[in-house]
Colleague: 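Structure below; questions to follow.
Naming: A, B, ... by sequence-line order, numbering from 1 per chain.
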Amino acid sequence: MAASTLQRSRAFKEAERLFLLSSHEQIISTMETQVSNGPTGNSLPNGPVVSTNGPTDDSKTNLIVNYLPQNMTQEEFKSLFGSIGEIESCKLVRDKITGTVPAATTGISAGQSLGYGFVNYVDPNDADKAINTLNGLKLQTKTIKVSYARPSSASIRDANLYVSGLPKTMSQKEMEQLFSQYGRIITSRILVDQVTAGISRGVGFIRFDKRNEAEEAIKGLNGQKPLGAAEPITVKFANNPSQKTGQALLTQLYQTAARRYTGPLHHQTQRFSSPSLLPRFSPITIDSMTSLAGVNLTGPSGAGWCIFVYNLSPEADESVLWQLFGPFGAVTNVKVIRDFTTNKCKGFGFVTMTNYDEAAMAIASLNGYRLGDRVLQVSFKTSKQHKA
DNA sequence: TTAAATT
């Protein structure tokens with residue numbers, strides 16, 4: 001008994017050490033976020049938006065954003081969606097429990113991202129534009145989803161089902177057809193094997209519009225054999241991520257940290273197989289780029305590593321920079337430089353990335369990348385860009 | 001062998 005307790009304690013400490021080593025930058029950015037959110041205690045940090053002239057209809061301006069990268073911060077979230085238009089309010093939803101753990105104990109000073117958030121625009125046209133330009137955007141290992149938020153109500157909560165024992169041959173569409181008789185399906189997913197890329201694991205999720213629809217589906221389908229399947233399926237309510245225990249959350253956090261610590265190179269290799277990007281590899285190596293004589297890099301002062309992007313078209317906008325650089329890692333800011341009078345892009349822009357390795361990989365991959373009929377020049381921003 | 005969808 002005492003021995004196993006001691007072992008667990010040591011494992012916990014080791015996980016903690018790994019986390020502290022691997023996510024230093026993220027901790028800093030989290031702290032910065034807290035500072036920029038203003039002093040705590042004398043404002044209304046998370047309160048509802050109060051309208052002074054009657055009830056407001058947010059249905060055309062308020063968006064829900066799903067499948068965000070785990071390490072995306074509130075600031076990055078706001079920066080990405082703020083590049084579309086003026087934001088009335090936005091919130092990256094984070095776990096409450098980890099936010100209560102003392103930072104001195106864990107090095108984690110705010111709740112972990114739950115992977116989704118809300119953006120409420122001032123102008124409905126910007127909300128529409130955000131859906132059109134950012135839905136499907138690849139950020140690191142995720143493909144984000146941007147859609148209108150349904151009005152918040154108790155009836156749409158806990159409407160998510162976990163399904164197991166599905167025939168391996170059943171497609172997502174077939175699963176939806178099976179469940180759609182019980183209500184409106186918001187999302188569905190069949191989990192697939194990661195190594196064989198695409199073979200069903202026989203388990204999946206179905207999210208209904210309403211909780212009572214989910215309940216009816218359980219009654220009707222749990223223990224039933226679909227079509228001519230050999231085995232019955234199991235249908236139950238899915239675990240709710242936001243209802244995990246503090247211990248479970250911390251364990252997951254440490255596991256995430258351990259993966260980051262041991263396996264970043266593998267992930268980066270995968271990013272280049274992204275079919276939508278197909279970057280050409282530049283003959284310039286990362287090491288030779290950083291050791292060029294007479295070049296003074298401006299990073300990593302405070303915000304991160306600033307990257308200079310040259311030969312953008314006059315029509316280029318911020319979203320193209322997010323699309324190009326987002327898959328390589330944490331991007332905190334993008335800016336297209338425009339002519340003051342014409343508002344057209346002057347041919348260049350800047351991207352700020354948090355982590356050196358990710359910035360270097362983005363540069364190595366995107367320098368020389370052909371965008372339309374132009375070949376981009378991408379480098380770390382230097383103190384003297386217009387040399388000879 | 002349960003992935004991060006309602007502030």
Side-chain angles (χ1 to χ4, degrees), chain A residues 37 44-51 56 58-59 61-72 74 77-78 81 87-99 110-121 127 131 135 139-166 168 172 175 183-196 199-211 213-214 218 222 233-245 248-253 255-256 259:
Chain A
N37 279 348
L44 300 169
N46 290 324
V49 178
V50 179
S51 171
T56 55
D58 288 343
S59 65
T61 58
N62 195 27
L63 305 179
I64 184 166
V65 185
N66 295 109
Y67 313 113
L68 291 166
Q70 202 58 247
N71 60 6
M72 181 174 241
Q74 166 78 25
F77 184 60
K78 183 174 184 180
F81 285 88
I87 290 174
E88 201 277 334
S89 63
C90 78
K91 180 175 189 176
L92 177 66
V93 179
R94 291 183 284 185
D95 176 72
K96 293 191 179 86
I97 299 169
T98 51
Q112 190 190 14
S113 167
L114 291 181
Y116 67 94
F118 296 90
V119 180
N120 195 12
Y121 283 99
I131 291 174
N135 183 42
L139 291 177
Q140 297 165 248
T141 61
K142 304 284 187 181
T143 301
I144 71 170
K145 179 178 177 183
V146 185
S147 55
Y148 289 109
R150 291 170 290 164
S152 185
S153 82
S155 66
I156 67 172
R157 294 180 54 177
D158 301 314
N160 197 22
L161 297 179
Y162 174 70
V163 187
S164 58
L166 292 165
K168 298 283 198 284
Q172 182 185 357
M175 182 177 70
R184 178 185 165 210
I185 295 170
I186 300 300
T187 56
S188 72
R189 171 171 300 186
I190 288 179
L191 302 188
V192 297
D193 188 279
Q194 294 198 357
V195 281
T196 61
I199 297 184
S200 169
R201 291 161 59 192
V203 302
F205 294 89
I206 297 271
R207 178 177 297 277
F208 280 100
D209 183 41
K210 296 288 190 290
R211 180 184 170 90
E213 295 170 344
I218 292 175
N222 183 39
I233 60 174
T234 300
V235 184
K236 53 198 265 198
F237 282 110
N239 291 341
N240 188 333
S242 63
Q243 288 169 4
K244 280 187 183 175
T245 67
L249 276 161
L250 287 174
T251 301
Q252 179 192 313
L253 209 52
Q255 284 169 348
T256 302
R259 271 200 303 278

Colleague: Please determine, for the side chain of D193(A), which listed nucleotide (dT7(B), dT2(B), dT1(B)) has the closest atom?
Modeller: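 From the listed options, dT1(B) comes nearest.
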
Colleague: Looking only at heavy atoms, which two atoms of L63(A) and A127(A) are closest? And how far apart?
Modeller: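 Scanning both residues, the minimum pair turns out to be CD1-O, 3.7 Å.
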
Colleague: Is S152(A) near enough to dT7(B) that one of its side-chain N or O atoms lies under 4.0 angstrom from OP1 or OP2?
Modeller: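 The answer is yes; a side-chain N or O of S152(A) sits under 4.0 Å from OP1 or OP2.
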
Colleague: Is K142(A) touching bases, backbone alone, or none of the nucleic acid, heavy atoms closer than 4.0 Å?
Modeller: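 The residue K142(A) makes sugar-phosphate contact but no base contact.
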
Colleague: So, do S153(A) and P151(A) sit near enough that their side-chain heavy atoms are less than 4.5 Å apart?
Modeller: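 No - every pair of side-chain heavy atoms lies 4.5 Å or more apart.
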
Colleague: Base, sugar-phosphate, or nothing for I186(A), non-hydrogen atoms under 4.0 angstrom?
Modeller: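 Result for I186(A) = base.
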
Colleague: For Q140(A) and dA4(B), give me the distance from atom CD to atom C1', rounded to whole Å.
Modeller: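 Checked: the CD to C1' distance equals 15 Å.
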
Colleague: Using a distance-only criterion (donor-acceptor N/O pair, under 3.5 Å, no hydrogens), is the base of dA5(B) paired with the side chain of D158(A)?
Modeller: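 There is none.
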
Colleague: Can you check whether Y162(A) has a side-chain N or O nearer than 4.0 Å to OP1 or OP2 of dT2(B)?
Modeller: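 Affirmative; the distance criterion is met.
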
Colleague: What is the nucleic acid contact for R207(A), judged by heavy atoms within less than 4.0 Å: base, sugar-phosphate only, or nothing?
Modeller: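 Answer is base: heavy atoms of R207(A) come under 4.0 Å of a base.
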
Colleague: What pair of heavy atoms forms the shortest contact from Q140(A) to P69(A), and how long is it?
Modeller: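 Closest pair (atom of Q140(A), atom of P69(A), distance): OE1-CB, 3.7 Å.
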
Colleague: Grab the CD1-C1' distance between I206(A) and dT2(B) for me, whole Å please.
Modeller: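 I206(A) atom CD1 is separated from dT2(B) atom C1' by 14 Å.
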
Colleague: Would you say a side-chain N or O of R94(A) is under 4.0 Å from OP1 or OP2 of dA4(B)?
Modeller: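 Answer is no, no contact under 4.0 Å.
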
Colleague: So, OP1 or OP2 of dA5(B): does either fall under 4.0 Å of a side-chain N or O from R189(A)?
Modeller: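 Indeed not, no polar side-chain atom of R189(A) lies that close.
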
Colleague: Send over the distance from L92(A) CG to dA5(B) P, rounded to a whole Å.
Modeller: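 It is 12 Å, rounded to the nearest whole Å.
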
Colleague: In whole angstroms, how far is the P atom of dT2(B) from the CD1 atom of I233(A)?
Modeller: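 In whole Å, dT2(B) P and I233(A) CD1 are 16 Å from each other.
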
Colleague: With a 6.0 Å cut-off on the ring centroids, do Y162(A) and F237(A) count as close?
Modeller: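 That pair fails the under 6.0 Å test.
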
Colleague: Calculate the interatomic distance between N160(A) atom CG and dT6(B) atom P; express it in whole Å.
Modeller: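 Answer to the nearest Å: 8 Å.
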
Colleague: Quick check against the 3.5 Å criterion: does R211(A) have a side-chain atom that pairs as donor or acceptor with the backbone of D158(A)?
Modeller: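 Side chain of R211(A) to backbone of D158(A): a pair is present.
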
Colleague: R150(A) side chain: which of dT2(B), dT6(B), dA5(B) is closest?
Modeller: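 The nucleotide sitting nearest to the side chain is dT6(B).
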
Colleague: Measure from CG on L114(A) to P on dT6(B) and round the result to the nearest Å.
Modeller: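 Spelled out: CG on L114(A) to P on dT6(B) is 9 Å.
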
Colleague: What nucleotide, of dT6(B), dA3(B), dT2(B), holds the atom closest to the side chain of N239(A)?
Modeller: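 From the listed options, dT2(B) comes nearest.
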
Colleague: How many Å lie between CZ on R184(A) and C1' on dT6(B), as a whole number?
Modeller: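 So the two atoms are 13 Å apart, to the nearest Å.
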
Colleague: CG of D209(A) versus P of dA5(B): gap in Å, rounded?
Modeller: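 D209(A) atom CG is separated from dA5(B) atom P by 16 Å.
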
Colleague: In terms of side-chain heavy atoms of A238(A), which of dA3(B), dT7(B), dA5(B) is nearest?
Modeller: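 Among the listed nucleotides, the one closest to the side chain of A238(A) is dA3(B).
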
Colleague: Do R189(A) and L191(A) touch side chain to side chain, with heavy atoms closer than 4.5 Å?
Modeller: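 Result yes, sub-4.5 Å side-chain heavy-atom pair found.
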
Colleague: With the side chain of K236(A) defined as its heavy atoms from C-beta on, choose the nearest nucleotide among dT7(B), dA4(B), dT2(B).
Modeller: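 So the nucleotide nearest the side chain must be dT2(B).
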
Colleague: Y67(A) on top of dA4(B)'s base, within under 5.5 Å and under 30°?
Modeller: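 According to the criterion (under 5.5 Å, under 30°), no, Y67(A) does not stack.
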
